[in-house]
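Note sheet for the following structure.
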Amino acid sequence: MTMEVDILEMSERSAKFVLSDVSAAFANGIRRAALSDVPTLAITYVNIYNNTSVLFDEQLGLRLALIPLAANIEEFVPVEECICGGSECPACRVSLTLSAEGPKMVHSGDFVSSDETVQPAETNIPIIELKEGQKVVLEAIAHMGYGNQHARWQAGVACGYKNMPLVTFNKCDSCGACIEECPQGIIKMGPEGAGISEDDILKCILCKLCQGICEIDAITVSQDERAFVFTMESDGSYTIQQLIINAGKSIKDKATRMGQILESL
């Protein structure tokens, strides 16, 4: 049986799709990989030369660490894997400088990167508001890492799934009680009684209130154990297509390494 993917919605940063003919373990593996196994660049150290703003240095550093950075990630490696031996060369380290004086709102677009291919994913992320005479001068150092190490490297956001709902109507008497009970408002009355369209079935939350309110047991609510409705979003460091592809590649690479280990035993 071949895995199937049915794209429902797709944009630069988010996607909704149905993944069929896979196990729950595989579906959860895709979710976990998107959250924790896809590498990104993030600010890890900050050298602050001048900070007369209302924020302590530590608070400022925490804000900077969560600014998504877009880059050609194939050109970078984690420091511990780099051939420089930890001396931090351009392959594992990127410097971004920030120099601002108030009055102004400092945004992520005010960063100047040492590598033009590495830039904040959004230029309008507010960092701090400087009043008259306040200054911030700093150097931010970005390294590559994985979401399972720290949230700053988490490329996937709001990644989740649910089983594909299955709702059947048998010998409906058209009383309409299920229509009033459904919190999603997706049950409609038709010529043959109540029902749910193919488009609206994806909105079902499997609450089973319609099944419970039906006095003649005409409604059965269940779920497809091998089909999953996915919703995924990217923080901007990747397009959503790249995020999903890299999540799948991560699982494939792990399976390959495991196979090699088992063969060597």
Side-chain angles (χ1 to χ4, degrees), residues 1-41 68-76 121-122 144-149 151 153-169 182-188 195-208 210 220-260 262:
M1 189 174 292
T2 305
M3 176 180 65
E4 295 184 7
V5 180
D6 183 15
I7 304 297
L8 304 176
E9 300 173 11
M10 182 73 74
S11 66
E12 185 75 11
R13 297 282 184 87
S14 63
K16 187 174 183 179
F17 58 94
V18 178
L19 184 63
S20 305
D21 295 329
V22 298
S23 66
F26 184 84
N28 194 45
I30 290 290
R31 180 192 68 84
R32 288 173 60 92
L35 291 172
S36 61
D37 294 336
V38 177
T40 63
L41 280 174
L69 299 177
N72 296 326
I73 202 65
E74 294 81 8
E75 299 179 0
F76 298 92
E122 294 284 353
M144 194 177 100
Y146 298 86
N148 55 25
Q149 298 172 315
W153 286 301
Q154 187 173 301
V157 294
C159 296
Y161 65 86
K162 67 176 181 180
N163 285 88
M164 185 71 178
L166 298 174
V167 184
T168 58
F169 295 81
C182 179
Q184 297 295 92
I186 58 177
I187 303 177
K188 309 295 181 183
I196 304 176
S197 68
E198 291 185 3
D199 292 333
D200 286 341
I201 192 64
L202 297 174
K203 301 176 184 177
C204 176
I205 57 175
L206 298 170
C207 64
K208 298 187 177 183
C210 58
T220 302
V221 179
S222 59
Q223 60 188 27
D224 189 335
E225 298 296 340
R226 294 188 60 81
F228 306 87
V229 183
F230 268 85
T231 301
M232 283 192 174
E233 294 183 22
S234 166
D235 68 350
S237 53
Y238 289 88
T239 64
I240 191 63
Q241 295 96 327
Q242 291 172 329
L243 178 63
I244 297 172
I245 290 172
N246 279 282
K249 184 177 181 296
S250 171
I251 294 178
K252 181 180 178 181
D253 291 344
K254 286 183 176 181
T256 300
R257 289 198 301 270
M258 185 175 183
Q260 293 171 346
L262 292 175

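Between Phe230 and Phe17, the ring planes are parallel. Angles under 30° get that label, and only those over 60° would be called perpendicular.
Closest approach of Ala15 to Ile244, counting heavy atoms only: CB-CD1, 4.3 Å. The nearest pair of heavy atoms linking Ala34 to Met232 is CB-CE, 4.0 Å. Counting all heavy atoms, side chain and backbone alike, Asp37 lies closest to Ser250 at CB-OG, 3.2 Å. Minimum interatomic distance between Leu243 and Gly156 (heavy atoms only, all atoms of both residues): CD2-CA, 3.8 Å. Between Lys203 and Gln184, the shortest heavy-atom distance links the atoms O-NE2, 3.0 Å. A pairwise comparison of heavy atoms in Lys16 and Thr231 identifies CG-OG1, 4.1 Å as the closest pair.
In this structure, Asn28 contributes its side chain and Ala24 its backbone to no donor-acceptor pair below 3.5 Å. Side-chain N or O atoms of Gln223 include none that pairs as donor or acceptor with a backbone N or O of Asn163 at under 3.5 Å. Between the side chain of Lys249 and the main chain of Val38, no donor-acceptor pair closer than 3.5 Å is present. No side-chain donor-acceptor contact under 3.5 Å links Asn72 to the backbone of Glu74. One N or O on the side chain of Tyr238 and one on the backbone of Pro39 form a donor-acceptor pair closer than 3.5 Å.
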Run the side-chain contact (heavy atoms from CB on, under 4.5 Å) test on Leu41 and Met144 for me, step by step, so that the C-alpha distance in whole Å, both residues' side-chain angles and the decisive distance to 0.1 Å come before the verdict. CA-CA 4 Å; Leu41 280 174; Met144 194 177 100; 3.9 Å; yes
Let's go through Tyr161 and Ile30 carefully: what are the C-alpha distance in whole Å and the side-chain angles of both, what is the deciding distance for side-chain contact (heavy atoms from CB on, under 4.5 Å) to 0.1 Å, and is it a yes or a no? CA-CA 10 Å; Tyr161 65 86; Ile30 290 290; over 6 Å; no
Given the rule in the side-chain contact (heavy atoms from CB on, under 4.5 Å) test, do Thr40 and Leu69 qualify, once you have shown the distances and angles that lead to the verdict? CA-CA 8 Å; Thr40 63; Leu69 299 177; over 6 Å; no
Show your working on side-chain contact (heavy atoms from CB on, under 4.5 Å) between Asp6 and Ser20 and close with a plain yes or no. CA-CA 8 Å; Asp6 183 15; Ser20 305; over 6 Å; no
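Rounding to the nearest 0.5 Å gives a distance of 7.0 Å between CD of Glu9 and OG of Ser14. With values rounded to the nearest 0.5 angstrom, Arg31 atom CZ is found 13.5 Å from Leu19 atom CG. Atoms CG and CD1, on Leu202 and Ile186 in that order, are 9.0 Å from each other to the nearest 0.5 Å. Here the CE-CG distance, from Met258 to Asp253, works out to 15.0 Å after rounding to the nearest 0.5 Å. One finds the CD1 atom of Ile251 at 11.5 Å from the CG atom of Asn246 (value rounded to the nearest 0.5 Å). Here the straight-line distance linking atom CG of Leu262 with atom CD of Gln260 works out to 10.0 Å at 0.5 Å rounding.
By the 6.0 Å contact criterion, CZ on Arg13 is enclosed, its count of non-hydrogen atoms from other residues, nucleotides or ligands being greater than 12.
The closest side-chain donor-acceptor pair between Asp235 and Ser237 falls under 3.5 angstrom.
Looking at heavy atoms from C-beta onward, Val18 lies in side-chain contact with Leu8 at the 4.5 angstrom threshold. At a threshold of 4.5 Å between non-hydrogen side-chain atoms, the residues Cys204 and Ile196 do not count as touching.
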